[in-house]
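Residues: numbered from 1 along the sequence shown. Only heavy atoms go into these numbers, but all of them, side chains included; no hydrogens, no water, no symmetry mates.
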Amino acid sequence: MDLEDMSVQMVAADTAAEVAADVAAADPTNRHPKKSSQTCIPCRVRKVRCDGRRDVCQNCERLGFTCSFQDAASPNQDPESLTSFTLPRRRVRLACANCHSRKARCSGETPKCARCQAQGIECVYKPTKRSGGVNSAAQQAHQGNTDSELESVASEPPEKRIMTSKDTQGSHHGPQGTEQHNFEPNAASTAMGSSHEPFVFPDEALIQRTFNNFFRHIHHVPIFSFLHRASLMQRYHAGMMDKALLLALVGITSLLMDLGPGTREYGSRCIDECQTMVLQDLENPSAIKIQALVLIMKHRMLSRKFTTAFMLAATATRFAYALRLNYENPNLCFLARESRRRLMWALLTIDSGINGGCSDFTLMPSESMHIQLPCTERNFEFDLPQVTEYLRPVPTRPFADDVGSLALHVRLLWMRSRVLYCTKNVLGMPESELAQLPELVKVLSEELSGFNDHLPSSFKFSDSNLQLRAYSPRLCVYIMIHVWWRQCHCDLYRMFLVGLKEALPQSGLSRLDPQFVSYCARQCFEHALAMADVFKSILSLEGGLPVTDLDLCVCAYQCARMIYFAYQTNQGEIGLTSNQIQELSTRCLTIAKSMEHVPAGAAIVTDLEKLIARGLSVDGTSNRPDSPNANGHNLGSQHILPRHNPMQPMHVTDEGGFSNIPILSPTTHIASPQGSSISTPIPHPATRPAQQQSRGTPLPGTPIGDFNMNKPNLPPVMPPDGIDNNNAFEGAMDGFDFNFESFSNTGLESTSWLSSNDWLNNEFSQAAV
């Protein structure tokens, strides 16, 4: 055998050996026993360490899974069985986006959890990566949102979510089909662009700046003092902050304070959105909506949009009367009752500023206010119950030492409204009755003097008392009390300034005692000078002038106007030089410029600068002897509106011609719309008509004198988790429950609703001066 044959035999032997080995390996009986697995199938799928304990491992025992092992004792399993093995979802986040963002307990119910359903807010469950499938895909296709959009919207707190027309909650979405804007507080250049983008709620930084600036610089203004900071912040952190109220706060704060670039324009859009929310939900009045309306009205007034504020005042008043906020509710805690009182007095303040003494425009007469005056700021802040007086009657004894500055402010504005009502009706009084005018002026003057005499010593005006409040939040209301007191005298006595628009005609003044007319004119000028001295003391404060309402610059304008008029008509009697008059007017201009950053304040500053440039201002036509109405017996056509009355700038079309409607004199109107314990001190030969006597009659069986009786407010509900029992927002979302049977005989069906009418379109203002 040669070498070649030997190699062939060796190859054949190797091949036979390999074949035999393969056959032996294919035989199951020849396999080695497989080692048992130390990891169960659930732990292998979850990719976690298993302790290998038989029957059930520790992980499966804790989570309640079915524990199984793949080993030699198990039948042959398909390799794909491991990949198709699914575990039941045990650990899922049941909290909705709202509860999750506020770290509140969520029941996890669908479509709304218990917390969101109780609070009436939107409930959105954030989709997760494992929530895919056919159902989620169909839902995604139906809603038209991508996963990223849902993640970005639902993960935000409700105050930050985008308001679009797809939002199903009526109180939380913007109007469909309207242009809305996007806002980035840190990028003001992009805030005004891309108007097609939806409105976006302010971010957390802007909200915190709003809260800090509002309660530090704006809350002390009397008309904004109805909010309780601790209650508001507690409500916000609990996720219960009303969106409309939040937007209104951002809007008014951004107008009065500088919150950053672009925030003032964004604040205006917040006010527009807030107004839309309230008007779209008129069927559900609440105290929170009234709070938002007050902030909206002030923003409109400061922005010179008086027509909107005028109409919204009627809506807010209807809300307040429907909820019976003009009565005490003993079922509420002290903070809630005090917050409601302050809200109603804020509405009364706005109403008295709008009507300017005209009974036709009065929405809230003082006799309808059956609530106490506001308590002190300290007691309101620290929840210290305090019993205060009612508005009427006029006090005849000194005020208590613990009287609140806000209560004094409300009482003084009530006195001013009675003064304005008197002066307006005097213009329509027949000249035969003018002989009784000195008695009426005497009564009103004594009421104003009694108010100042009854003030506690700490409230008297002096430089020392002013310096003590230089860094106090009570500085604003302290200033306005004494400025308004001087302005009340100017309002009372200016109707005796011959030639002034608001004055009586020469034919009427000639029927009065010349010494009385001269005395009234001198009193008007002296109080204007005293007001200028108050302005001098204010400007000398080291802390500077605080944030005030538009009332201060309105009074500053009227002060300069009275001084210039007196100098021009009685230059020899006032004893002041032209340089002194110029200095006083410049002082008034400096005060007015404190509100120059708002449109209405800028308009007053412009008007005052024109007054200083001319050196004399006689607003409108003078009632000279040669005036067409100078010798008329009834001056109803001269029932004019003052220069700074809010109704002046309103644009309404007059098609009816109301110039011939007679204006009743005080002899036929015994009590003013603002009420009085003294009424008009003019004898009345005839008794009041039966219809007029029953005008304020309550519903049958309703004892008006009982201020502690239960009103038709809904029963108070238990506060949800995270809210204290003593909270100023208690009952703020309660609705009203009208007993329509009791209103069946009111004649509402036959009421003739008048169309819009035209008021004088002149200039600007917040208060009727």
Side-chain angles (χ1 to χ4, degrees), residues 170-171 174-175 178 218 221-224 226-227 242-256 267-323 325-326 340 342-356 358 360-365 368 549-551 598-600 641 645-652 732 736 753-759 761 764-768:
S171 61
T178 58
I218 301 176
V221 178
I223 204 169
F224 300 127
F226 53 83
L227 290 175
D242 184 79
K243 293 186 177 182
L245 181 59
L246 178 62
L247 292 179
L249 282 172
V250 174
I252 193 66
T253 307
S254 61
L255 181 64
L256 295 175
S268 299
R269 296 200 299 275
C270 289
I271 291 294
D272 295 338
E273 193 66 35
C274 175
Q275 178 177 321
T276 301
M277 289 181 178
V278 175
L279 296 183
Q280 285 182 345
D281 196 26
L282 291 177
E283 296 182 355
N284 299 300
S286 65
I288 292 183
K289 284 188 175 69
I290 302 176
Q291 293 176 352
L293 282 173
V294 170
L295 299 179
I296 294 173
M297 285 187 288
K298 288 305 300 181
H299 189 280
R300 298 305 189 195
M301 291 178 179
L302 296 174
S303 302
R304 300 188 68 187
K305 299 179 180 179
F306 299 103
T307 305
T308 304
F310 182 80
M311 300 305 175
L312 290 178
T315 302
T317 304
R318 280 293 189 186
F319 277 7
Y321 283 157
L323 297 174
L325 299 186
N326 56 324
R340 292 186 173 204
R342 292 170 176 243
L343 181 61
M344 289 300 294
W345 294 124
L347 281 177
L348 183 67
T349 301
I350 293 178
D351 181 59
S352 62
I354 289 178
N355 63 55
C358 300
D360 295 339
F361 303 124
T362 301
L363 297 173
M364 302 184 68
S368 66
D549 202 351
L550 198 63
D551 301 339
V598 299
L641 299 176
N645 189 277
M647 293 181 295
Q648 294 275 14
M650 295 199 296
H651 302 275
V652 190
F736 66 98
W753 299 97
L754 299 179
S755 59
S756 300
N757 302 298
D758 187 23
W759 289 275
N761 180 18
F764 53 84
S765 176
Q766 145 67 12

* **Minimal non-hydrogen separation, Ala309 against Met301, with atom names** => CB-CG, 3.8 Å
* Asked: Sub-3.5 Å donor-acceptor pair from the side chain of Ser368 to the main-chain atoms of Met364, do we have one?
  -> no
* Stepwise, does the side-chain contact (heavy atoms from CB on, under 4.5 Å) test hold for Leu247 with Met277? -> CA-CA 10 Å; Leu247 292 179; Met277 289 181 178; 3.8 Å; yes
* To do: Could you check if a side-chain atom of Asp351 sits within less than 4.5 angstrom of a side-chain atom of Thr317, using non-hydrogen atoms only?
  => no
* Using the side-chain contact (heavy atoms from CB on, under 4.5 Å) rule, take Leu323 and Arg340 through it: C-alpha gap first, then chi angles, then the decisive distance, then the call. => CA-CA 11 Å; Leu323 297 174; Arg340 292 186 173 204; 5.6 Å; no
* Less than 4.5 Å apart, any side-chain heavy atom of Leu295 and any of Phe226? -> yes
* Structure fact -> In this structure, CE of Met297 is separated from NZ of Lys305 (nearest 0.5 Å) by 15.5 Å
* Donor-acceptor contact below 3.5 Å, side chain Ser254 vs main chain Gly251 -> yes
* Asked: Can you find a pair of side-chain heavy atoms, one from Lys298 and one from Val221, that are under 4.5 Å apart?
  -> no
* Leu325 CG to Leu343 CG distance, which is reported to the nearest 0.5 Å -> 6.5 Å
* Please examine the side chains of Asp549 and Pro222, heavy atoms only from C-beta on, and report whether any two atoms are closer than 4.5 Å. => no
* Structure fact -> Closest non-hydrogen contact found for Leu255 with Leu302 is CD2-CB, 3.6 Å
* To the nearest 0.5 Å, how far apart are CZ in Phe224 and CZ in Arg342? -> 14.5 Å
* Asked: Shortest non-hydrogen contact from Ser268 to His299?
  -> OG-CE1, 3.9 Å
* Heavy-atom distance under 4.5 Å between the side chains of Val278 and Thr315, does that happen here? -> no
* Asked: Atom CG of Leu312 and atom CZ of Phe319: how far apart are they, to the nearest 0.5 Å?
  -> 10.0 Å
* So, for Leu347 and Ala316, which heavy atoms are closest and what is the spacing to 0.1 Å? -> CD2-CB, 3.8 Å
* Asked: Side chains of Ile296 and Thr308: closer than 4.5 Å at any heavy-atom pair?
  -> no
* Are the side chain of Lys289 and the backbone N or O of Asn284 linked by a donor-acceptor pair below 3.5 Å? -> yes
* **Minimum side-chain heavy-atom gap Arg300-Phe306 below 4.5 Å** => no
* Given side chains that start at C-beta, do those of Ile354 and Leu363 come closer than 4.5 Å, heavy atoms only? -> no
* To do: Considering non-hydrogen atoms only, spot the tightest contact between Arg304 and Pro599 and give its length.
  => CD-O, 3.5 Å
* Asked: If you take all heavy atoms of Ala248 and Ala292, which pair is closest and at what distance?
  -> CB-O, 4.1 Å
* To do: Look up atom CD1 in Ile350 and atom CG in Asn355, then write down how far apart they are to the nearest 0.5 Å.
  => 12.0 Å
